[in-house]
S.K.: 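Let me give you the structure first, and then I'll get to my questions.
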Amino acid sequence: MSHQHSALCDELRPALPDYLDGVAREDICRAIEAHLAGCPECQVQVDTLKKTITLYRAAPSEPVPGDVHQRLVRVLNL
Amino acid sequence: MENNDIQLVRAAQDGDKRAFAQLIEKYENRVYNLARKMMRDPQDAEDVLQETFISVYKHLSDFQGDASFSTWLYRIATNASLMKLRGRKPPSLSLDEPAETDDASALPRDLVDWGITPEEALLSGEVRAQMDAAVTQLPETLRAVFVLRDVEGLSVQETADVLGISVPNVKTRLHRARLALRDHLSAYFVESGMAVRKEMRE
């Protein structure tokens with residue numbers, strides 16, 4: 001219901017980064033969650049941002065390939 | 001462990017090459033992963049890896065242990081990446097310039113809802129290639145913050161320490177980076193048929 005997407009969204013937006021990182025104050029979390037319950041537009045924003053963060057954190061890191069390691073050791077004369 | 005790092009650094013400072021080799025074995029994957037995310041070209045990432053450890057070796061005697069070894073190492077690796085990126089084009093914004101405020105980019109006109117799609121479905125090789133491409137398209141000052149915080153898993157404070165910028169500045173840049181990446185992925189998921197664009201406003 002986009003009619004509820006209003007000035008309140010803009011009011012809560014500055015708190016969003018801390019909310020996404022789980023470090024927003026409890027009263028702010030409650031206000032954001034109450035807003036999200038009635039604002040599908042913001043809910044999608046928050047869900048997709050959360051999922052973006054989760055995806056990058058879940059992606060396995062790339063280990064140093066063996067030949068790259070060998071060249072590193074050689075260049076450092078170890 | 002940090003204590004162990006300090007012991008290895010002290011030994012390496014005294015000329016113990018095996019201690020330095022142990023530091024490399026412990027940290028080379030992290031440095032390489034950071035470099036791969038920062039640089040588009042794998043050869044550039046290898047150059048950053050080598051330049052980082054050459055610089056660490058040369059400046060070992062400067063390391064006093066007032067910051068953690070990993071913070072010091074990340075600082076050298078991030079600087080090596082940024083210098084390489086900047087060598088190719090005119091210098092962009094200084095890392096310490098205040099970030100622009102968030103604007104309408106926070107709320108695109110139409111929305112793509114893929115936030116509840118299971119991660120397993122989203123972590124195919126093709127999606128991961130898109131994720132990497134999206135990171136390399138970020139402005140470098142946002143890219144460094146994002147890679148340190150959301151890829152390498154440093155805290156906001158550690159990210160600020162590595163980059164020599166304030167915590168609020170890290171938070172602002174991180175949010176802008178996440179918004180840009182989300183928008184990039186949303187567009188990709190629509191193009192690839194994995195999500196549908198919704199018109200939620202008139």
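Just so it is clear: chains get the letters A, B, ... in the order the sequence lines come, proteins before strands, and each one is counted from 1.
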S.K.: Is B:Phe20 close to A:Leu76 at the side-chain level, that is, under 4.5 Å between some pair of heavy atoms?
M.R.: yes
S.K.: Measure the CG-CZ distance between A:Leu55 and B:Arg182 for me, rounded to the nearest 0.5 Å.
M.R.: 13.0 Å
S.K.: For B:Ile54, which atoms come within 4.5 Å of any heavy atom of chain A: side chain, backbone, both, or neither?
M.R.: both
S.K.: Distance from B:Asp113 atom CG to A:Gln45 atom CD, nearest 0.5 Å?
M.R.: 10.5 Å
S.K.: Quick one: what part of A:Asn77 sits under 4.5 Å from any heavy atom of chain B, side chain, backbone, both or neither?
M.R.: both
S.K.: Can you say whether A:Thr54 sits under 4.5 Å from chain B via the side chain, the backbone, both, or neither, judging by heavy atoms?
M.R.: side chain
S.K.: When only pairs under 4.5 Å are counted, which of B:Leu181, B:Asp150, B:Leu185 shares the most heavy-atom pairs with chain A?
M.R.: B:Asp150
S.K.: Mind checking the NZ-CG spacing from B:Lys17 to A:Leu78? Nearest 0.5 Å is all I need.
M.R.: 6.0 Å
S.K.: Nearest 0.5 angstrom please: A:Thr48 OG1 to B:Phe189 CZ, how far?
M.R.: 10.5 Å
S.K.: Please look at A:Val75 and chain B and tell me whether the side chain, the backbone, both or neither of the residue comes under 4.5 angstrom of a heavy atom of that chain.
M.R.: side chain
S.K.: In Å and rounded to the nearest 0.5 Å, what is the OG to CZ distance from A:Ser61 to B:Arg30?
M.R.: 9.5 Å
S.K.: Within a 6.0 Å radius of atom CZ on A:Arg25, are there more than 12 heavy atoms belonging to other residues, nucleotides or ligands?
M.R.: no
S.K.: With heavy-atom distances below 4.5 Å as the criterion, would you say the side chains of B:Arg128 and A:Pro60 are in contact?
M.R.: yes
S.K.: Taking all non-hydrogen atoms of both residues into account, name the closest pair between B:Ile24 and A:Leu72 and its distance.
M.R.: CG2-CD2, 3.7 Å
S.K.: Does B:Arg149 come within less than 4.0 Å of A:Asp21, counting only side-chain N to carboxylate O?
M.R.: yes
S.K.: Less than 4.5 Å apart, side chain to side chain, heavy atoms only: is that true for B:Glu28 and A:Val68?
M.R.: no
S.K.: Starting at CG of A:Asp67, measure out to CD of B:Glu46 and round the result to the nearest 0.5 Å.
M.R.: 7.0 Å
S.K.: Could you check B:Phe53 against A:Val73 for side chain to side chain contact (heavy atoms under 4.5 Å, CB included), going step by step and ending with a plain yes or no?
M.R.: CA-CA 10 Å; B:Phe53 281 106; A:Val73 168; over 6 Å; no
S.K.: Could you pull out all residues at least two apart from A:Lys51 that satisfy side-chain hydrogen bond (donor to acceptor under 3.5 Å, both in side chains)?
M.R.: none
S.K.: Heavy atoms only, distances under 4.5 angstrom: which of B:Lys171, B:Glu25, B:Gln50, B:Met131 has the most pairs with chain A? Name it, please.
M.R.: B:Met131
S.K.: Under the rule for salt bridge (charged side-chain N to carboxylate O under 4.0 Å, His left out), what residues qualify as partners of B:Asp47, not counting sequence neighbours?
M.R.: B:Lys84
S.K.: Determine whether a donor-acceptor pair (N or O, by modelled atom type, separation under 3.5 Å) exists between the side chain of A:Tyr56 and the backbone of B:Arg178.
M.R.: no
S.K.: Taking B:Val151, B:Val156, B:Leu49 one by one, which has the highest count of heavy-atom pairs under 4.5 Å against chain A?
M.R.: B:Leu49
